[in-house]
Amino acid sequence: MTHWWQRGAIYQIYPRSFQDTNGDGVGDLAGILGRLDYLEWLGVDACWISPIFRSPMADFGYDVADYRDVDPLFGTLSDLDELIADMHRRGMRLLLDFVPNHTSSAHPWFVDSRSSRDSEHRDWYIWRDPAPGGGPPNKFQSLFLGSAWEWDEPTGQYYFHSFLREQPDLDWTNAAVRTAMLDVMRFWFRRGVDGFRVDVVNLLAKGPELATPDHPDEHLAWGQEPAIHPLMRELRAVANEFDDKVLIGEIWLPPTELVTFYGTELDELHLPFNFGLLELEEWTAETVCKAVGDYEAAMPAKAWPNWVLGNHDRHRVVSRIGERQARVAQMLLLTLRGTPTLYYGDEIGMFDVEIPRSQWRDPQGLRGGDTRDDERTPMRWDASELGGFTTGTPWLPMGQPAGIDVATQRDEPTSMLALVRSLLELRRAEPALNVGTWTDLGHAGTALAYIRAEVAPGERRFLVCLNLGDKPAALPAAASSLRGTILMSTLDPQRRGPFEGRDLAADEGLVIRLD
Ligand code: GLC
């Protein structure tokens, strides 16, 4: 038996940037609701929406002040209920973004925690005395730069924050924290939410070095802490109380460590996010083959893979590898074995918008890191000045030119949108392409190839050949001897015809049904 989250494709919505309906320049839930026709037409099976909970928005919603309510900026709880119901009517699923590692400093738990050393929630967070000679307990750094320790004068201790000082880390060794947070998951599951993308989930277990004075390191050894796995099992047990829910964890670790988050009994996360393609420094047949091969080789038996090409934290795929190769990358994403996650706007080829520093909004950029605003600009629905995104002033500049918009590309048979939609359609129609097996045929020069096949012998088999270069390329030997019918090309999603082992054109990718 396969699950919807194995067969289907997930679409990530960054809600601030998807569709505004009230003219405040920020997207909202009513906007997502109004675009469900589009998402259904596109052919995605589920949406993951980045956080929409009550928040002071210091990290644009990844600083949650109330896990059980919708921020008024995005709408109301009943808007969310309506969205869930409408998606379910269409056979689509909704995933929310669960942020368990830290709350907002405005969360009532933290407000109480910092109010006195004896407060009820004091030990829900990580408080430490200054180092013996004064100053922070040790050298640990926040992932947003600067010390991870913030001095709190009224109670004379430091608290720990992996990210902003407005995002104090919860202490997951505290059973009361675990109970409260697991109940948050139940709250949403009962409301009909189909699963969660779980934010920085491997940061939950911190290990004893956190409080070691004079610790030589600046960062915790996140993910290698054995205490993380029992926590993952607790999250999974809650999901298992309900039917067919999914947990997808955000974890930035290499394949061999990443896959430990499936659990030795497959009793941890359904899908630890695989960022192998997102993290490639070089986009070549060799590096892609290696990323895919290393990950497939690391996969535990019966665990289900997944692939990501873009998200709200990394530069867009078009900006990383160019528009022509982004088309090849979409073909890869949508024909590999494993659940694909698409980042909103990538299906129309949106690129990173270079935003002048004076207009930066992302706290990571403002604190001296790489700004993530570039990849978070508003979705362009049509060719008008404000792209159909808002009637007000967009919270970030639109940036994308007309043409990189849904309305224009809908009518263009060779557009990026037409390609992505055709790939999603084919993937959905062919079990070999969604739940089938994957066999590597290796790479030669700039080309690579693999086969997807149904599990039973004699069933349909597909050959995927991709040219990751901008010059024609011969196929790997194992692919050139195969024969079949071309069903689609990155150069023209409608291209059909016999396949006789020919070379690939520049930037060409082919899906071929084998004889
Ligand atoms: C995750 C999110 C990122 C956020 C951080 C802190 O990495 O994807 O956007 O800033 O967690 O919550």
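Order of listing sets the numbers, starting from 1, for every ligand and every atom in it. The model shown is predicted, which means the values in this text are computed figures rather than measured ones.
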Checklist outcome for this item: Contact region, Phe144 to ligand 1, non-hydrogen atoms below 4.0 Å, reads side chain
Next on the checklist: Can you check which of Arg197, His312, Arg372, Glu250 brings a heavy atom nearest to atom 7 (O) of ligand 1?
Outcome noted: Glu250
Checklist entry - Excluding sequence neighbours, so at least two apart, what forms salt bridge (Lys or Arg N to Asp or Glu O under 4.0 Å) with Glu82? => result none
Item to check | atom 8 (O) of ligand 1: nearest protein contact (heavy atom, Å) | outcome: Asp313 OD2, 2.5 Å
Item to check | Winner among Asp199, Val64, Asn101 once heavy atoms are compared against atom 11 (O) of ligand 1 | outcome: Asp199
Checklist entry - Does one side chain, of Trp395 or Thr390, offer a donor that lies under 3.5 Å from an acceptor on the other? => result no
Next on the checklist: Can you confirm, on distance only, whether ligand 1 has an N/O atom lying under 3.5 Å from any N/O atom belonging to Trp252?
Outcome noted: no
Checklist entry - Taking NZ, NE, NH1 and NH2 as the nitrogens, is one of them in Asp373 or Arg376 under 4.0 Å from a carboxylate oxygen of the other? => result no
Checklist entry - Any non-hydrogen atom of His102 lying under 4.0 Å from ligand 1? => result yes
Checklist entry - Looking just at side-chain N and O atoms, do Glu296 and Trp438 make a donor-acceptor pair shorter than 3.5 Å? => result no
Checklist entry - So which bit of Arg314 gets within less than 4.0 Å of ligand 1, heavy atoms only: side chain, backbone, both or neither? => result neither
Checklist entry - Hey, which atoms in ligand 1 end up nearer than 4.0 Å to a heavy atom of Arg376? => result 9 (O)
Checklist entry - Can you list the ligand 1 atoms lying under 4.0 Å from a non-hydrogen atom of Val200? => result 1 (C), 7 (O), 11 (O)
Checklist entry - Is the side chain of Ser319 donor-acceptor paired with the backbone N or O of Asp352 at a distance under 3.5 Å, no angle test? => result yes
Checklist entry - Taking the side chain from Asn306 and the backbone from Pro272, do they hold a donor-acceptor pair closer than 3.5 Å? => result yes
Checklist entry - For Arg380 and Gln400, does a side-chain donor sit closer than 3.5 Å to a side-chain acceptor? => result no
Checklist outcome for this item: Residue, atom and distance of the protein heavy atom nearest atom 6 (C) of ligand 1 read Asp59 OD2, 3.4 Å
